J.: 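The structure under discussion is supplied below as structure tokens; questions concerning it will follow.
Here the structure is a predicted model, which is why all the values come from computation and not from measurement. Order of the sequence lines fixes the chain letters, A, B, ..., with proteins taken first and strands second; residue numbering starts at 1 for each chain. What's counted below: heavy atoms across the whole structure, side chains too, no hydrogens, waters or symmetry copies.
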Number of protein chains: 2
Amino acid sequence: MELQNYIAKNGIPLEIEKGKQVFAQGELCDYVYLVKSGLLKAFYITADGKETIKSFIQAGTIIGSLNAAHCKVPSTFSLEALSRSELVQVPFYELLALSKKSISISQEFIQILLSLSLKKERREYELLTLSATERFENLCKDQPELVKKLTQNDIAKYLGITPVALSRIKHQ
Amino acid sequence: MELQNYIAKNGIPLEIEKGKQVFAQGELCDYVYLVKSGLLKAFYITADGKETIKSFIQAGTIIGSLNAAHCKVPSTFSLEALSRSELVQVPFYELLALSKKSISISQEFIQILLSLSLKKERREYELLTLSATERFENLCKDQPELVKKLTQNDIAKYLGITPVALSRIKHQ
DNA sequence: GTGGGGCATTAACCTATGTTAAAAATCACA
DNA sequence: TGTGATTTTTAACATAGGTTAATGCCCCAC
């Protein structure tokens with residue numbers, strides 16, 4: 001909580017309207033964001049122009065392009081609001097510097113990274129071993145409230161299939 | 001390096017013969033392993049008995065089921081030697097405890113977790129946006145030496161396709 | 001209310017990958 | 001060096017999901 005409090009107190013508040021982007025794929029972005037309210041999606045645009053969704057971000061989450069922030073390279077994905085969202089922005093290096101001075105902050109950092117790894121591991125597992133139908137069933141079971149807020153377009157892009165395929169799956 | 005040195009000095013050395021497992025899916029395993037030599041695979045067995053490979057682990061890597069260790073739950077995957085491997089074993093909580101006492105260790109911990117996240121992100125990206133053919137090409141380009149050491153069976157299971165499909169891809 | 005834009009569904013056809021099985025190649029080592 | 005075991009290839013067929021396009025729906029701006 002110490003870390004979240006720090007961000008909430010020292011960060012710059014942002015308001016992102018529905019459909020607007022926080023940062024875009026290809027840009028440098030070494031900030032980290034705490035989501036206070038709203039709903040966002042992190043997504044890739046592939047070489048042939050198709051969109052696939054990496055994750056949905058709900059209130060209470062800390063999000064940012066670790067890659068971009070940590071390695072000083074352009075972000076591989078974009079972050080866009082699906083509904084009006086309130087964020088608080090803080091430079092990544094500021095948190096890293098903070099963690100160098102306080103054991104409790106660095107412990108919190110470790111916990112956040114651990115749970116991030118677990119989330120990614122779960123997703124990797126599902127992509128690797130489950131069919132689109134099973135992934136859809138899991139999503140509906142695990143996050144029914146989230147599913148209600150999403151369009152089928154976005155659900156499909158998250159599952160890694162087309163909206164047409166998702167419609168077929170739903171109809172059977 | 002401090003962390004690796006600690007493990008090397010204080011851990012229990014293990015020798016795993018080709019084909020033998022370090023730990024198995026479903027078991028509790030709250031150790032972390034430093035690989036000194038050899039090659040291993042981390043893999044899932046799905047409900048219908050199929051194997052999919054999560055990752056290959058080469059010398060110099062630290063590996064373990066973070067999930068199992070951190071949350072005290074059974075591991076979701078198995079770790080098996082593809083060739084005779086030398087590991088050093090250390091309890092995960094011991095490293096965590098160490099990181100609570102030393103800022104430099106916790107910084108190193110953070111760096112390891114960050115790079116783990118980046119690896120997983122890359123894999124997630126490939127599974128989500130690339131075809132099997134493209135994933136195979138990437139693997140051959142990025143890790144040619146590794147590819148040489150693997151059977152097509154294992155490469156296929158890593159790519160998320162069958163050996164038959166990989167054979168077809170190679171032949172065109 | 002009307003018209004336009006995006007979303008969801010449906011259908012027809014196409015392609016990649018799975019499945020099964022058999023043949024061919026390679027390896028392991030007695 | 002020969003023989004069995006394992007890996008790889010090939011083939012024939014089945015299925016999931018992609019592509020394109022048409023249709024209907026809903027929402028919202030005017």
J.: Rounded to the nearest angstrom, tell me the gap between atom NZ in B:K157 and atom C1' in C:dT17.
T.: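 Answer to the nearest Å: 17 Å.
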
J.: Tabulate atom names and distances for all N/O pairs under 3.5 angstrom spanning the protein and nucleotides 15-19 of chain D.
T.:
from   : atom 1 : to     : atom 2 : distance (Å)
D:dG17 : OP1    : A:A132 : N      : 3.2
D:dG18 : OP2    : A:T162 : N      : 3.1
D:dG18 : OP2    : A:T162 : OG1    : 3.0
D:dG18 : N7     : A:R168 : NH2    : 2.6
D:dG18 : O6     : A:R168 : NH1    : 2.8
D:dT19 : OP1    : A:K50  : NZ     : 3.2

J.: Is the shortest distance from a Lys or Arg side-chain nitrogen in B:K149 or B:D154 to a carboxylate oxygen in the other one below 4.0 Å?
T.: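 Here B:K149 does not pair with B:D154 in a salt bridge, since their nearest N and O are not under 4.0 Å apart.
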
J.: Under 3.5 Å, side chain of B:S78 to main-chain N/O of B:Q25, donor-acceptor pair present?
T.: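 Indeed, once roles are kept as given, a pair shorter than 3.5 Å links the two residues.
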
J.: Checking A:N153 against A:T151 for the side chain to side chain donor-acceptor pair (under 3.5 Å) test, could you report, in this order, the C-alpha distance in whole Å, the side-chain angles of both residues, the deciding distance, and whether it holds?
T.: CA-CA 5 Å; A:N153 250 315; A:T151 65; 5.1 Å; no

J.: If the threshold is 4.0 Å, N to carboxylate O, is there a salt bridge linking A:K120 and B:E121?
T.: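 Counted as a salt bridge, because a side-chain N and a carboxylate O are separated by less than 4.0 Å.
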
J.: List, with names and distances, any nitrogen or oxygen atoms from the protein found under 3.5 Å away from nitrogen or oxygen atoms belonging to nucleotides 6-8 of chain D.
T.:
from  : atom 1 : to     : atom 2 : distance (Å)
D:dT8 : OP1    : B:Q152 : N      : 3.0
D:dT8 : OP2    : B:Q152 : N      : 3.0
D:dT8 : OP2    : B:N153 : N      : 3.2

J.: Is there a salt bridge (Lys or Arg N to Asp or Glu O under 4.0 Å) between A:K141 and A:E137 once you walk through the steps?
T.: CA-CA 6 Å; A:K141 198 182 55 180; A:E137 285 167 355; over 6 Å; no

J.: Looking at B:H171, does any N or O in its side chain come under 4.0 Å of the phosphate oxygens OP1/OP2 on D:dT9?
T.: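 No, outside the criterion.
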
J.: Once ring pair (Phe, Tyr, Trp, His ring centres under 6.0 Å) is applied, do any residues pair with A:Y44, and if so which ones, sequence neighbours excluded?
T.: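 So A:Y44 forms a ring pair (Phe, Tyr, Trp, His ring centres under 6.0 Å) with B:Y125.
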
J.: Could you tell me if the ring centre of B:Y31 sits under 6.0 Å from that of B:F92?
T.: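 That pair fails the under 6.0 Å test.
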
J.: What is the distance, to the nearest angstrom, from the CD atom on A:Q172 to the P atom on C:dA11?
T.: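 In whole Å, C:dA11 P lies 13 Å from A:Q172 CD.
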
J.: For residues A:F109 and B:F109, establish whether the separation of their ring centroids is below 6.0 Å.
T.: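 No.
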
J.: Rounded to whole angstroms, how far apart are CG on B:L159 and C1' on C:dA16?
T.: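 So the CG-C1' distance, B:L159 to C:dA16, works out to 14 Å.
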
